[in-house]
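Quantities reported herein were computed from a predicted structural model and do not represent experimental measurements.
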Amino acid sequence: MPTRPFTLGRSRPLSGDPGAAGARPFELPAHHLVTHGVVVGMTGSGKTGLVMVLVEEALRSGVPVLMVDVKGDLPNLLFTFPELSAAEFEPWIDPSAAARDGRSTADVAEGLAARWRDGLASSGLGPADVAALRARMAPRLLTPGTTAGEPVHVLSALEAPSPLWDEDEEAAREALSASLSLLLRLVGRDPDPARSREHVLLAHLAERRLRARRAAGLEELLADLADPPIAAVGALGVDEFFAPKERQALARELNTLLASPTFATWRKGAPLDVAAWLAPQAGSGGGKTPAVIVSVAHLDDDERLLVLGLLFDQLLSWVRGLSGTSDLRALVVFDEVFGFLPPHPANPPTKRPLLALLKQARAFGVGVVLATQNPMDLDYKALSNAGAWFVGRLQTDADRERVVEGLSGADGGAGGVGAAALSATLKALPPRTFFVRDVHMQPPSFLAETRFSLSWLRGPVTRREIGRLVRSISPPPPAPDPTHASLDSRSVHPDPRVNSLDSRSAHPDPRVNSLDSRSAHPDLRVDSLDIRSAHPDPRVNSLDSRSVHPDPRVDSLDPRPASPDPRRASPGPASPAPRAPMGPGGTVVLDPRHTPAAPQPARRSAAARAGAGAPAPAPPPPAATAPPPAPDGWRSLYAHAPAAAPEGFRYIPWVAASVIAHLRDTKLGVALNRSQLLAAPLLPDGRPDLSRVARLDASLLATSPAAGARFAELPAPLAKRATAQAAARALREHAYRTTEAAVAVHKELGLAQDDGEPLEAFAARCRAAAARLAAAEQQQVVGRFAPRIARLGERIAAAKARYGEAEAEVAALPGAVGAALLGLVAGRDTARRAGTQRDKAAAKLERARQEWTEADAALRDLHAAQAAELAALEQLPLRAGEGIETKRLVPKKNDVEVAFVALAWAATLAGPA
């Protein structure tokens with residue numbers, strides 16, 4: 001049976017009554033989150049409360065949840081008090097905070113209990129619902145890197161041989177690669193699996209051991225580095241590939257890590273096994289739903305990136321091993337995603353697997369919900385993959401503009417609300433009220449007020465409190481012995497309708513076939529976007545020869561011959577799904593399911609229809625065998641003909657336009673051209689369906705139709721010149737709204753990335769420019785200091801000369817004894833005058849010495865200042881990459897031109913099975 005909807009609170013239309021009269025229950029169908037969600041809102045908007053309500057509803061519906069906590073708020077899920085009594089709240093009240101308010105902890109607890117009871121009652125909930133949630137969920141609080149909660153063995157893929165090496169070699173190798181990357185990052189080595197020699201050598205050594213059912217921990221890898229058990233790596237000998245001295249240096253670094261007492265914590269605890277974490281657990285009264293919290297709030301920034309990068313790699317590996325489904329199988333929640341999925345060009349370890357999850361997990365029923373205070377924190381490609389948006393109050397203009405831009409799609413985005421009105425709405429939203437945009441709903445946009453959470457939203461939990469929470473919940477069951485495991489740990493479907501839990505088994509719905517890691521979501525409207533045209537609306541897709549047709553009758557459009565994959569074959573004798581016939585250039589099939597001109601009947605045999613008691617479907621309307629004439633000035637393009645046109649092969653009309661967008665920034669001197677062939681199905685009134693725009697590859701289209709193929713009729717209004725021109729203008733407007741390019745720029749250096757220039761090459765060009773600038777400025781510094789240094793040198797020389805003269809003068813005068821003798825011989829006056837001359841000469845000598853000393857010290861200071869400025873300039877090339885930022889270019893309206901308009905005939909199979 002389908003998963004129950006998520007009851008999140010109350011909703012009302014954007015222009016509706018803000019009071020209770022205009023409100024109605026807000027129920028979000030669970031499968032809407034398969035296309036992921038984004039929650040944004042400033043501090044105090046209720047963002048974390050909405051995230052907690054989503055988690056609670058998923059658990060109440062039996063959907064396992066994996067939560068990533070970087071701030072300490074998500075462990076609040078464990079503050080579920082079945083009786084909602086003051087005695088349950090009081091142990092968690094901070095006595096010092098209560099004392100500052102002049103209250104006792106009992107008084108504070110009583111107030112909190114009353115507030116929560118009243119709040120839940122206003123949402124139609126009570127203690128019984130809290131108790132039911134607590135009894136339903138199986139919580140785990142995992143804390144990698146510390147024993148405050150349940151520790152995690154982050155290198156378990158190395159030290160524990162896995163049966164995946166026999167069942168799914170690709171998944172096992174991905175898990176090994178992620179572990180080795182983490183290990184190399186910890187010792188400061190290059191972690192790239194494709195370029196790092198350290199990674200390649202360790203992967204060979206570890207895989208050799210793991211395939212032999214032996215551990216490949218650090219101790220074993222150190223022994224293999226000292227005496228490699230392999231003779232060659234690739235085509236080179238092992239010593240030629242990695243010299244012995246370099247292997248010894250790597251071994252010393254790994255040994256230092258191994259000997260570190262702090263590293264021991266990372267090697268004990270629960271294995272890093274997402275499938276085991278999310279497997280339903282047995283309990284009294286039925287199975288319990290896993291609620292797994294991975295808390296990294298105690299780690300520093302670098303450790304968080306490393307651990308979560310490994311976690312998301314493991315999660316992605318598990319997801320790719322599941323069978324396809326359109327139901328919500330599991331929910332991944334990431335609160336406070338700042339810094340983990342940043343815009344280009346930043347690329348932390350978490351970004352690649354997170355983007356891959358957003359693009360691929362939907363096909364396997366795994367939804368991802370991201371929450372952040374600032375939408376500028378997220379990569380634009382991540383935002384474009386979200387089908388559900390929950391936007392709370394946003395204070396800054398930049399944040400509101402980013403959200404308004406992301407919500408503006410081909411249909412106006414916000415349900416007819418203008419950009420200015422939407423921006424004002426977002427600025428004035430009260431707490432716990434969100435602007436909701438769900439592409440699956442009609443109308444797609446409305447306002448929603450979230451219900452009270454069943455959990456007490458206490459705020460961030462400290463490390464010591466995590467220990468108390470872990471002790472308050474039941475300990476997790478022991479990990480199953482892999483030698484006795486009867487279930488594939490990578491694929492546990494929460495739906496009891498699924499009998500076989502092997503990730504290689506077929507989905508219980510015979511219409512759903514096994515999808516490989518390249519498969520797109522079965523909905524044509526959702527797929528990945530490239531940087532040349534990142535559309536904010538996830539319904540705009542790109543069609544290439546690898547695309548998976550959304551019709552379950554067509555399994556693959558890859559023009560290469562299909563080969564059986566033993567890892568993805570169904571265990572039973574189920575018939576393979578029919579495949580579209582392949583032509584020399586591959587067959588392009590555009591989804592006609594929503595095109596009114598060509599409704600598609602269900603492909604069931606007559607016997608099956610008779611057995612089901614269903615009447616036979618009406619035959620499709622007759623179609624012409626010759627292509628209808630295209631409107632004046634239009635070309636005609638056709639999907640590549642199959643090798644042999646089967647019965648029922650026919651063409652459906654789409655409108656296509658070749659558009660060229662010119663993106664310019666005169667200040668930066670950037671001028672880019674973006675050419676696209678856009679196509680959209682034609683509606684009965686002759687307008688293009690802009691909600692299903694596709695980007696086509698012209699090489700996959702032909703200029704002549706398949707012999708013997710049939711053609712659907714053109715919409716009658718298209719015969720009018722005005723209608724045809726309006727269709728072309730609509731695609732041009734679509735290109736204007738959706739085309740953009742991200743260009744790396746360095747404003748201080750006045751440089752911009754050239755079209756097609758790799759980021760690494762641009763960074764090198766920036767460093768070279770910074771080096772030239774530094775050299776020129778160094779010359780200026782030397783020239784600026786030279787006159788002052790020369791003057792000080794002259795001053796020192798003069799002081800030195802005066803000192804010499806004064807020293808000679810003092811030496812020529814009699815000393816104290818000589819003055820006394822002179823007084824006896826020449827009289828007192830003569831002796832007095834001699835003493836005065838001696839004192840004046842001594843003072844003159846002291847002044848000369850002081851001037852010399854001061855000038856010398858000033859010269860040393862001047863040399864030091866010059867050296868400091870020169871040293872700072874030497875750092876400019878090394879820091880050139882810090883000044884690189886991303887500039888988003890969009891075309892002006894007059895900068896989009898249409899090269900040609902065409903009638904694109906999409907190929908489809910409409911005959912009987």
Side-chain angles (χ1 to χ4, degrees), residues 39 47-48 51-52 55 65-78 139-157 175 178-179 181-183 185-186 191 260 262-274 276-278 290-316 318 331-342 346-355 357 368-373 377-378 382 458-470 473 476:
V39 182
K47 169 176 57 66
T48 302
V51 169
M52 192 62 68
V55 169
V65 181
L66 174 64
M67 293 160 276
V68 177
D69 177 53
V70 298
K71 196 174 76 172
D73 285 328
L74 294 185
N76 289 173
L77 178 68
L78 303 182
R140 293 182 75 174
L141 183 48
L142 303 171
T143 54
T146 181
T147 56
E150 184 182 357
V152 178
H153 192 331
V154 296
L155 298 180
S156 56
S179 299
S181 293
L182 172 61
L183 192 62
R185 283 193 179 101
L186 290 175
S260 172
T262 58
F263 183 66
T265 310
W266 299 89
R267 302 179 64 199
K268 61 182 178 181
L272 187 56
D273 187 349
V274 176
W277 295 353
L278 297 182
V292 181
I293 305 172
V294 180
S295 176
V296 293
H298 55 283
L299 302 178
D300 61 36
D301 291 342
D302 289 338
E303 289 175 337
R304 289 176 183 176
L305 289 172
L306 294 174
V307 171
L308 293 183
L310 181 59
L311 171 64
F312 292 135
D313 270 319
Q314 296 280 355
L315 177 62
L316 182 62
W318 171 70
L331 187 65
V332 179
V333 176
F334 195 168
D335 193 16
E336 300 298 341
V337 73
F338 168 73
F340 298 94
L341 192 58
N347 190 29
T350 51
K351 184 174 181 179
R352 180 193 58 79
L354 268 177
L355 279 177
L357 283 170
V368 179
V369 174
L370 303 176
T372 183
Q373 297 182 21
D377 299 341
L378 298 183
R458 177 181 179 272
V461 179
T462 65
R463 189 184 303 194
R464 180 174 298 179
E465 290 169 336
I466 285 178
R468 291 174 57 193
L469 280 172
V470 170
I473 61 179

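Rounded to the nearest 0.5 angstrom, L469 CG and L77 CG are separated by 10.0 Å. Here the CG-CG distance, from L310 to L305, works out to 12.5 Å after rounding to the nearest 0.5 Å. Atom-to-atom distance recorded for D301:CG and L306:CG is 11.0 Å, nearest 0.5 angstrom. Here CG of L355 is found 11.0 Å from CG of L316. Values are rounded to the nearest 0.5 Å. Between atom CG of residue L354 and atom CZ of residue F312 there is a gap of 4.5 Å, rounded to the nearest 0.5 Å.
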Handout entry: Test log, rule side chain to side chain contact (heavy atoms under 4.5 Å, CB included), inputs L308 and V70
Key = CA-CA 10 Å; L308 293 183; V70 298; 4.2 Å; yes

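Listed by chain and number, the residues in a side-chain hydrogen bond (donor to acceptor under 3.5 Å, both in side chains) with T462 are E465 (sequence neighbours excluded). With sequence neighbours excluded, no residue satisfies salt bridge (Lys or Arg N to Asp or Glu O under 4.0 Å) with E303. Residues satisfying the side-chain hydrogen bond (donor to acceptor under 3.5 Å, both in side chains) criterion with T372, sequence neighbours excluded, are D377. With sequence neighbours excluded, the residues forming a side-chain hydrogen bond (donor to acceptor under 3.5 Å, both in side chains) with D73 are K71, listed by chain and number. H298 pairs by the side-chain hydrogen bond (donor to acceptor under 3.5 Å, both in side chains) definition with nothing, not counting sequence neighbours. Partners of P144 according to the side chain to side chain contact (heavy atoms under 4.5 Å, CB included) rule, which considers only residues two or more places apart in sequence or in another chain, are V152, V154, W266, V294, V296, V307. The salt bridge (Lys or Arg N to Asp or Glu O under 4.0 Å) check on D313 picks up R352, with sequence neighbours excluded.
Taking every heavy atom of both residues into account, L278 and V65 meet most closely at CD2-O, 4.0 Å. The shortest non-hydrogen separation linking P151 to K268 is CB-O, 3.5 Å. Minimum interatomic distance between K351 and P342 (heavy atoms only, all atoms of both residues): NZ-O, 2.9 Å. Smallest separation of non-hydrogen atoms from I293 and P75: CD1-CA, 3.9 Å. Listed here is the closest heavy atom pair of L272 and W277: CD1-CH2, 3.3 Å. For I466 against S295, the heavy-atom pair with the smallest separation is CD1-OG, 4.0 Å.
Under the 4.5 Å side-chain criterion, counting only non-hydrogen atoms from C-beta, L74 is in contact with V51. Side-chain atoms of R267 and H153, non-hydrogen and from C-beta on, do get closer than 4.5 Å to each other. By the 4.5 Å heavy-atom criterion applied to side chains, N76 and T48 are not counted as neighbours.
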Pair up each side-chain donor or acceptor in residues 332-341 with any protein partner under 3.5 Å, not counting sequence neighbours, and list the distances.
unit_1	atom_1	unit_2	atom_2	d
E336	OE2	K47	NZ	2.8

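Within the 3.5 Å criterion, the main-chain N or O of L299 finds a donor-acceptor partner in the side chain of R304. Formation of a donor-acceptor pair under 3.5 Å by the T143 side chain with backbone atoms of G149 is found in this model.
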